[in-house]
2 protein chains.
Amino acid sequence: MTDTEPLLLTLAAPAFDARSLRPIWKQIADRLHAACVDGRLLGDARLPGENRMAEIFGVTRVTMRRALARLQQEGVLQARKGVGIFVRPMPLRYRLDHGNRFADGLNLPGAKIGATTLTLERAQAEAEEAEALHIAPGDAVVRLTRLRAVDDAPVYLSRKTFPVATLPEFEAAYAARSSVRDVFQAHGIASYQRVQTRVSGGFASDAEAAALRLSPRMPVLRTVALNAAPDGRIIEYNLGTWPLTAVELVLTPLDPSQTGHSDAD
Amino acid sequence: MTDTEPLLLTLAAPAFDARSLRPIWKQIADRLHAACVDGRLLGDARLPGENRMAEIFGVTRVTMRRALARLQQEGVLQARKGVGIFVRPMPLRYRLDHGNRFADGLNLPGAKIGATTLTLERAQAEAEEAEALHIAPGDAVVRLTRLRAVDDAPVYLSRKTFPVATLPEFEAAYAARSSVRDVFQAHGIASYQRVQTRVSGGFASDAEAAALRLSPRMPVLRTVALNAAPDGRIIEYNLGTWPLTAVELVLTPLDPSQTGHSDAD
DNA sequence: CAGTGGTCTAGACCACATG
DNA sequence: ATGTGGTCTAGACCACTGG
């Protein structure tokens with residue numbers, strides 16, 4: 001955890017272009033962004049306080065905050081109230097095969113993959129879930145939320161919904177190894193298949209932001225994946241949320257020979 | 001084009017919660033957002049100036065601008081310098097089948113679909129395009145940029161790249177009906193197939209922002225689609241850019257029986 | 001407690017688009 | 001020429017987090 005102040009002083013050294021050519025806050029943001037990308041500012045590094053940084057760059061705190069806000073929106077920095085501003089470890093675009101299990105689809109051989117089960121509870125199906133699962137709104141479902149991290153940086157929050165009618169022993173089967181595939185197998189479902197993937201953009205809810213360590217309303221990518229048993233019944237509705245710039249989803253037409261035996265996320 | 005000021009007065013009427021419960025600028029943004037969603041503020045409506053709005057809501061212009069900035073980021077409003085602030089016609093999530101031709105995948109029977117060819121020119125393949133097309137960087141390519149709009153709201157900017165070696169008569173074949181499928185057919189390629197779709201998030205470049213009528217650096221969705229001829233050669237690299245909240249891409253495993261005869265976007 | 005980020009104000013100057 | 005949005009300043013108060 002080295003001191004970042006000397007570097008910032010070098011960033012602030014070159015004079016800024018006369019105002020109104022390019023806004024000062026953008027020029028500041030550009031320089032900080034470049035430093036984060038090329039490695040002069042490493043992941044998890046802590047920046048000086050806003051007052052100090054404003055002093056360093058020779059602007060008001062308000063102007064400094066504009067630059068910092070932009071960099072937060074782009075996922076380069078992340079502020080924590082009462083604590084400080086930190087460089088977000090740059091995932092810089094995992095390319096991952098959606099439809100495969102998380103760790104397999106991820107093209108990072110040396111990375112440390114983390115998985116945490118956040119909640120596992122019974123609930124009533126919401127309208128969209130119910131339609132996808134071919135059950136009635138309000139029917140009993142199991143809801144499982146999990147968080148995946150790469151090198152301790154959270155990159156994927158998933159909220160899976162399962163119909164209780166099809167998987168009555170979910171909790172017991174999941175307990176042993178925290179594996180959804182185990183649950184399916186315990187209910188006589190040996191394999192399953194991705195039948196639809198939807199991708200959309202949006203803005204993080206408070207809950208999503210907290211889990212992914214983002215500010216609320218940050219832009220995110222959302223995926224909805226529907227998995228079906230061999231007999232065609234939809235058995236899983238999976239809503240995934242990703243920081244906007246964390247990932248590049250790769251979707252190739254399914255090769256039937258390798259369909260479905262993985263613990264897909 | 002009705003006057004929006006009376007409505008804003010009603011929005012500003014209820015007192016704001018004591019400060020520090022929820023920031024005033026968020027409360028203002030919430031009320032405006034709600035009005036845009038439920039139709040009290042219609043698409044393309046022009047709002048009063050920032051000074052006037054600040055007066056209406058009883059805050060400083062700076063605070064007013066924070067609320068407006070948030071709504072712009074979310075794609076609800078769009079400011080034009082020297083002109084005014086306008087309600088963005090709410091596409092509110094087209095659900096469209098990627099892999100089909102644009103108009104077919106779009107689930108809006110009554111909508112007016114627009115298509116504009118922006119540029120058509122020869123260029124040298126960039127690194128990523130070259131890799132995807134299995135040619136060398138710098139090889140001659142045809143680059144075609146088009147813009148699609150729904151009810152006059154631009155929702156999709158596509159930049160297609162084709163290898164000149166495979167499609168030497170591109171311009172001539174395209175001229176007649178501005179159809180890429182025609183170009184393929186003129187070169188003896190009767191059908192083609194989507195072999196890969198990639199989806200990622202990012203922030204609009206200046207060019208993308210201008211074409212889509214967004215502010216620069218607004219969050220966007222990007223798609224990369226690779227199409228191949230029946231013999232397996234990649235014949236099209238298509239980079240698409242969408243306003244973040246404009247669309248929900250639906251990707252279903254390809255049904256071989258209906259693969260490839262469309263003028264896919 | 002001290003330091004941090006989050007919010008808000010009052011007033012100013014500028015570049016731009018339109019009439 | 002006017003009104004628009006875009007930028008910037010100086011100073012203030014608050015809530016949160018940590019030691």
Side-chain angles (χ1 to χ4, degrees), chain A residues 1 3-5 16-30 32 45-73 77-88 206 209-210 213-218, chain B residues 1 3-5 16-30 32 45-73 77-88 206 209-210 213-218:
Chain A
M1 195 64 71
D3 183 15
T4 55
E5 187 162 327
F16 291 108
D17 291 346
R19 62 196 58 189
S20 79
L21 280 184
R22 183 168 174 79
I24 295 179
W25 66 267
K26 278 188 185 174
Q27 298 182 44
I28 295 175
D30 288 344
L32 284 171
R46 180 171 182 263
L47 300 180
E50 292 178 344
N51 286 296
R52 177 70 186 123
M53 292 187 78
E55 193 180 352
I56 291 176
F57 285 97
V59 294
T60 313
R61 191 174 154 228
V62 180
T63 303
M64 192 67 224
R65 277 179 63 76
R66 293 206 58 174
L68 296 172
R70 160 65 54 96
L71 294 170
Q72 284 186 70
Q73 192 207 339
L77 300 181
Q78 184 56 49
R80 285 162 59 192
K81 198 196 300 194
V83 184
I85 301 177
F86 300 83
V87 178
R88 237 182 119 80
D206 291 352
R213 278 200 247 135
L214 296 171
S215 303
R217 302 278 202 152
M218 287 267 293
Chain B
M1 195 63 72
D3 184 15
T4 56
E5 188 162 328
F16 292 108
D17 290 345
R19 62 196 62 190
S20 81
L21 280 185
R22 183 169 174 79
I24 295 178
W25 67 267
K26 278 188 186 175
Q27 297 182 44
I28 295 176
D30 288 344
L32 284 171
R46 179 171 183 262
L47 300 179
E50 291 178 345
N51 287 295
R52 177 71 186 121
M53 293 188 78
E55 194 181 352
I56 290 175
F57 285 97
V59 294
T60 312
R61 190 174 155 229
V62 180
T63 303
M64 192 66 224
R65 276 179 63 76
R66 293 206 59 173
L68 295 172
R70 160 65 54 97
L71 293 170
Q72 283 186 71
Q73 192 207 337
L77 300 182
Q78 183 57 48
R80 286 201 278 152
K81 199 194 303 194
V83 183
I85 301 177
F86 299 84
V87 178
R88 235 180 121 81
D206 291 351
R213 277 199 249 137
L214 295 171
S215 303
R217 303 277 202 154
M218 286 268 293

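First the proteins, then the strands, lettered A, B, ... as listed; each starts at 1.
For the segment residues 62-73 of chain B, residues with any heavy atom less than 4.0 angstrom from an atom of DNA chain D are, sorted by number, B/R65.
As a whole-Å value, the separation of B/R22 CZ from C/dG6 C1' is 14 Å. Distance B/F86 CZ to C/dT18 C1': 11 Å, rounded to the nearest Å. When rounded to the nearest whole Å, the span between CH2 of A/W25 and P of D/dG6 equals 10 Å. Atom C1' of nucleotide D/dG5 and atom CD of B/E55 are separated by 17 Å, given to the nearest angstrom. In this structure, the CG atom of B/L77 is 11 Å from the P atom of D/dG6, given to the nearest Å. Put simply, CD on A/E5 is 15 Å from P on C/dG3, counting in whole angstrom units. Between the CD1 atom of A/I24 and the C1' atom of D/dG6 there is a distance of 13 Å, rounded to whole Å. The distance from atom CZ of A/F57 to atom P of D/dC8 is 14 Å, rounded to the nearest whole Å.
Of the listed nucleotides (D/dG5, C/dT9, D/dC8), D/dG5 has the atom at the smallest distance from the side chain of B/A79. Considering only side-chain atoms of A/R61, the nucleotide from D/dT7, D/dA12, D/dA10 that sits closest is D/dA12.
Under the 4.5 Å side-chain criterion, counting only non-hydrogen atoms from C-beta, A/Q72 is in contact with A/Q78. At a threshold of 4.5 Å between non-hydrogen side-chain atoms, the residues B/L32 and B/R70 do not count as touching. Between A/M64 and A/L68, some side-chain heavy-atom pair lies under the 4.5 Å cut-off. Using a 4.5 Å heavy-atom cutoff, the side chains of A/I85 and A/R46 are not in contact. In this structure, the side chains of B/M53 and B/L47 come closer than 4.5 Å at one or more pairs of heavy atoms. Using a 4.5 Å cut-off on side-chain heavy atoms (C-beta onward), B/R66 and B/K26 make no contact.
Residues A/D30 and A/R22 are paired through a salt bridge, judged by an N-O separation under 4.0 Å between the basic side chain and the carboxylate. Here B/R52 pairs with B/E5 in a salt bridge; the nearest charged N to carboxylate O distance falls below 4.0 Å.
Considering every non-hydrogen atom in both A/E50 and A/R65, the closest pair reads OE2-NH1, 2.8 Å.
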Please tabulate the protein-to-nucleotide N/O contacts below 3.5 Å involving nucleotides 2-4 of chain D, giving atom names and distances.
{"unit_1": "D/dG3", "atom_1": "N2", "unit_2": "B/G82", "atom_2": "O", "d": "3.4"}

